[in-house]
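This is a predicted model, so every value here is computed, not measured. One-based numbering, in listed order, for ligands and for the atoms of each.
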Amino acid sequence: MQDLRWPTYALRDVTLERAEPHERGGMRVIDSAGRSYLDAVNGVGCAPLGHAHPRWIAAMHAQMHLLSAAANSFTSGPQQALARRLAERFPVRDARVFLGSSGTEATEAAIKLAVRATGRSIIVAFERAFHGRSLGALSLTANTAYRHPYVRCIDESEPADPFVVAQVLRLPWGDLAAVRAAFATHGPRIAGAFVEPVQGEAGVFPATRDFLVGLHGLCREHGALLGADEIQCGSGRVGAWSAWSRIVGDDPALYPDILWLAKALGGGMPIGVCLAASELAKAMGKGTHGTTFGGNPLACAAALATFDIIESEGLLAAAAAQLPTLQALAAAEPHARVHEVRGLGAMIGVQVGRPGEQIGNEIGDRLMRDHGILATVCGGHTIRLLLPYRAGEPELHEFWQALGRALEVSA
Ligand code: PLP
């Protein structure tokens with residue numbers, strides 16, 4: 001059948017139909033030919049409970065019978081409850097919450113807040129960063145192929161593009177000396193520094209504690225805001241609600257000023273949120289921002305159910321155990337062509353091939369075709385696993401065995 005969608009994605013030749021049912025959420029998906037796959041793509045990290053968890057379905061079902069939509073000029077119970085839950089679980093002081101529908105929309109909210117709250121226009125972002133594809137968010141995104149038709153950085157020679165909403169200063173990842181130098185030159189114009197505590201699309205690279213704490217200190221020193229993009233690494237994926245807390249610890253003096261989430265937050269329903277300290281959120285007065293679907297009662301109910309299930313089923317601990325489990329399997333049975341197994345919790349990158357060798361796509365295809373495992377490839381060389389949080393030794397063992405065979409064939 002002809003595909004009538006825009007050709008924006010490199011398509012894999014599989015039509016997914018349903019998940020294998022499971023009382024704690026399905027971890028395997030079935031295609032239109034009836035073939036079953038272990039799903040480590042997970043809607044790119046959007047199904048932390050696996051698919052179709054019965055309690056998650058029941059919560060949405062209950063909400064569907066009450067209210068399908070509520071304009072943001074009103075409020076609704078699920079919105080209020082979700083905002084409170086977010087403020088309780090995430091490391092932002094006296095947080096106020098903007099409710100949206102996607103990751104890139106949450107990044108937009110963060111950019112607008114940083115610019116408005118400081119009255120400054122430059123945002124520091126890092127090499128290899130990914131913050132979304134809408135125009136403002138895109139200006140922070142590193143990949144020039146995604147960004148150049150629309151938005152340019154101030155350190156690039158081409159003329160500024162009229163779409164620029166905030167100017168971006170891109171700096172090397174992990175390089176505090178470069179951040180210090182940027183503040184020395186542009187300090188009074190820098191609104192904030194935005195960072196993924198674990199870079200995802202780049203190839204799964206956790207930031208060090210020293211880098212995050214140093215960045216926080218420099219922002220404080222220069223009156224700039226620290227923004228943590230936890231769209232991929234937040235919502236429990238790394239084995240704690242927040243990757244910032246997992247890496248930096250829970251000292252309120254070191255909290256970021258802005259933190260935003262999407263992906264796993266809704267358990268599969270589209271939602272994106274941005275938290276900011278209350279004194280900063282004041283800058284976002286009436287009419288400064290908005291979105292029709294944001295705070296949709298169904299999406300909020302889905303997110304609340306996701307919180308409840310993750311907590312009652314002990315899924316943070318399960319997620320935390322994934323990386324050490326795979327690293328133990330790798331140590332017991334090393335594969336010569338695996339360069340590194342890294343990440344945090346249930347956000348895992350397995351770098352394959354020699355440095356510079358881009359064999360990720362070939363191995364990803366073999367895993368799918370020959371071994372029934374779906375995984376994304378990021379950074380060109382890294383197989384990324386974003387399994388449901390409850391996945392453990394059996395699934396990781398299945399992956400590790402399959403990877404060994406896929407690497408042998410491709411050698
Ligand atoms: N920021 C990060 C760190 C992401 O990983 C992503 C998506 O992969 C985004 C932003 C964009 O989110 P969305 O695709 O929901 O717009």
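Relative to atom 10 (C) of ligand 1, the option among Ile231, Leu261, Thr376 with the closest non-hydrogen atom is Ile231.
Here the closest non-hydrogen pair linking Arg237 and Pro48 is NH2-CA, 4.4 Å. Closest heavy-atom contact between Val97 and Ala83: CG2-O, 3.8 Å.
The N/O atoms of Gln232, backbone and side chain alike, include one that comes under 3.5 Å of an N/O atom in ligand 1.
Atom 16 (O) of ligand 1 has Thr104 N, 2.8 Å as its closest protein atom, hydrogens excluded (heavy atom only). Atom 11 (C) of ligand 1 has as its closest protein heavy atom Gly132 CA, 3.6 Å. The protein non-hydrogen atom at the shortest distance from atom 12 (O) of ligand 1 is Gly103 CA, 3.4 Å. Among protein heavy atoms, atom 2 (C) of ligand 1 sits closest to Phe130 O, 3.3 Å.
Contacts between Arg133 and ligand 1, counted as non-hydrogen atom pairs separated by less than 4.0 Å, are absent for every part of the residue. When non-hydrogen atoms are compared, ligand 1 lies under 4.0 Å from the backbone of His131 (N, CA, C, O) but not from its side chain.
Taking the centre of each ring, Phe205 and Phe126 stay at or above the 6.0 Å mark.
Look at Asp229 and you'll find a heavy atom under 4.0 Å from some atom of ligand 1. Heavy-atom separations between Lys263 and ligand 1 include at least one value shorter than 4.0 Å.
Under the 4.0 Å criterion applied to side-chain N and carboxylate O atoms, Arg366 and Glu362 are assigned as salt-bridge partners. The residues Glu313 and Arg24 are annotated as salt-bridged, a charged nitrogen and a carboxylate oxygen being separated by less than 4.0 angstrom. A salt bridge does not link Glu201 with Arg128: none of the charged nitrogens is closer than 4.0 Å to a carboxylate oxygen.
Distances below 4.0 Å separate heavy atoms of Glu201 from the following atoms of ligand 1: 8 (O).
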Item to complete: Evaluate the criterion ring-ring contact (aromatic ring centres under 6.0 Å, His included) for residue pair Phe194 and Trp260; output intermediate values, then yes/no.
Response: CA-CA 11 Å; Phe194 286 4; Trp260 54 109; 4.9 Å; yes
Practice prompt. Step by step, work out the ring-ring contact (aromatic ring centres under 6.0 Å, His included) result for Trp244 and Tyr255.
Written response: CA-CA 8 Å; Trp244 183 275; Tyr255 281 0; 8.8 Å; no
